[in-house]
Number of protein chains: 2
Amino acid sequence: MQNDYKDKLNSFYSKNKRMPTYTEMMKLFSFKSKNAVARVVDKMIEAGLVAKDHLGRLIPDKFLNEVVMLGSVKAGFPSDVEEQTFNDTVNLDDFLIEKKDSTYMLEVDGDSMIDAHIKNGDMVLAERTNKAKDGDIVIAEVDGEFTMKYFKQKGDKVWLEPANKNFKPIYPKYDLKVTAIVKAVIRKY
Amino acid sequence: MQNDYKDKLNSFYSKNKRMPTYTEMMKLFSFKSKNAVARVVDKMIEAGLVAKDHLGRLIPDKFLNEVVMLGSVKAGFPSDVEEQTFNDTVNLDDFLIEKKDSTYMLEVDGDSMIDAHIKNGDMVLAERTNKAKDGDIVIAEVDGEFTMKYFKQKGDKVWLEPANKNFKPIYPKYDLKVTAIVKAVIRKY
DNA sequence: CTTGCGTGTGAACGTTCGTTCACTTATAAT
DNA sequence: ATTATAAGTGAACGAACGTTCACACGCAAG
């Protein structure tokens, strides 16, 4: 029953990008009085599903709009996953994106990074910067063309290295400009 | 200048999980009048950064709380990425999670799926279900133990197959119970 | 049957919201 | 210097918000 409310809040929040007002919850939960809503909300606050601002405004708390995190696969986890004994939750945006304004997503074209287990068609989260360290995977412009490779640096010398034996390292003739470093790889099935 | 406002709204929203009120924006933008805020907001609405509900409430629109998606790496993209000519944006949660309530995150332990380019330490988004198709990557319980493997099915016969030559296929002695199928792989650097 | 409690209803209340008005200050053009 | 335009201030407004009354209903225990 309380899970019904939770689910409804959940889908309302993802659809509307904000929590509903009490009046909206009335319709959402099929009540005819805001007071009935207030009691339900109070219980959800106690249960830690939602919380209130310093302004008294409703905001999603743990378990709402977040993904449950379990342990590792091999380590084994409770067969009845309903009883979430490890109740860590994560918001994917917060988990993956540090600097929202300088991060963008990119589709990987080609298999030049396949030995780093980045496949053709994978998505990549890149963060704009020109400060790369040796070993970082970067998006770089070399002699006017863009590419994704390992960034290598030894002393003054700077070059790019693919993660695929069939490709050769790239030593810039004129210019090597790092535009972003790869922070995450995402693959959808 | 307008980008300042955008950034501030952005970080307010990710921190507070809601948009600020006009009074809060006053402090946020260093105004002394709500009217000044109202004009800024109007311009941001025109610019498509934010929008208003059917209830007149402020909600984030494109570019806010979403990640910019550019084309593919090799295909090349504008060097000045500021001028976002391809203005596709994506919300990571919406992008990766279909059924929020039955999805959970799991850390990969071991390299048994390495040939599918899923590494030890990668995160995996799994969706609880028992309907797997031949070729799906699944989380399954075989004879009491949990594992992540390819799900294989030929006629009545059902078994699990690793993506690593050093591991052998698993033919269940007693029971093979699929608990979830893997919908996405996430790797952070 | 009666009592008590949980749950829902309906109305009233003060607060805060976003909007709007008249006015002032700053910037730039003539 | 004068004017026009843009941008900010401060106060006032009705509307909607969340809260809190008193009251009605249903169900289980005594």
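None of these values were measured; they are calculated from a predicted model. So that the names make sense, note that chain A is the first sequence line, chain B the second, and so on, each numbered from 1.
For B:Lys119, the NZ atom is densely surrounded, since the number of other residues' heavy atoms within 6.0 Å is greater than 12.
Distance CZ (A:Phe29) to P (C:dG8): 12 Å, rounded to an integer number of Å. Atom CE of A:Met26 and atom C1' of D:dG18 are 13 Å apart (whole Å). A straight line from CG of A:Asn35 to C1' of C:dA12 spans 13 Å, rounded to a whole angstrom. The CG-P distance, from A:Asp53 to D:dG18, rounds to 12 Å in whole Å. In this structure, B:Met25 atom CE and C:dC17 atom P are separated by 11 Å, rounded to whole Å. Rounded to whole angstrom, the span from the CZ atom of A:Phe31 across to the P atom of C:dA11 amounts to 18 Å. Following rounding to the nearest Å, A:His54 (NE2) and D:dG18 (P) show an atom-to-atom distance of 16 Å.
For A:Ser33, taking side-chain heavy atoms from C-beta onward, the closest of the listed nucleotides D:dT9, C:dG10, C:dG8 is C:dG10. For B:Lys32, the listed nucleotide lying nearest its side chain is D:dG10; candidates were D:dT20, D:dG10, C:dG10.
For the side chain to side chain contact (heavy atoms under 4.5 Å, CB included) test with A:Val41, the passing option among A:Met25, A:Glu46, A:Lys34 is A:Met25; the others fail.
Nearer to the 5' terminus of DNA chain D, by closest-nucleotide assignment, is the contact made by A:Asp42 (compared with the other of A:Arg39 and A:Asp42).
Between B:Asp53 and A:Arg18, at least one side-chain N (NZ, or NE/NH1/NH2) sits under 4.0 Å from a carboxylate O, which counts as a salt bridge.
Closest heavy-atom contact between B:Lys133 and B:Phe151: O-CD2, 3.4 Å.
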What protein N or O atoms touch nucleotides 12-17 of chain D N or O atoms at under 3.5 angstrom, if any, and at what distances?
| residue | atom | partner | partner atom | Å |
| --- | --- | --- | --- | --- |
| D:dC17 | OP2 | A:Thr23 | OG1 | 3.4 |

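Side chains of A:Asn91 and B:Lys17 form a contact here, defined as non-hydrogen atoms less than 4.5 Å apart.
For the 3.5 Å distance criterion, the side chains of B:Thr129 and B:Lys131 fail to qualify, holding no donor opposite an acceptor.
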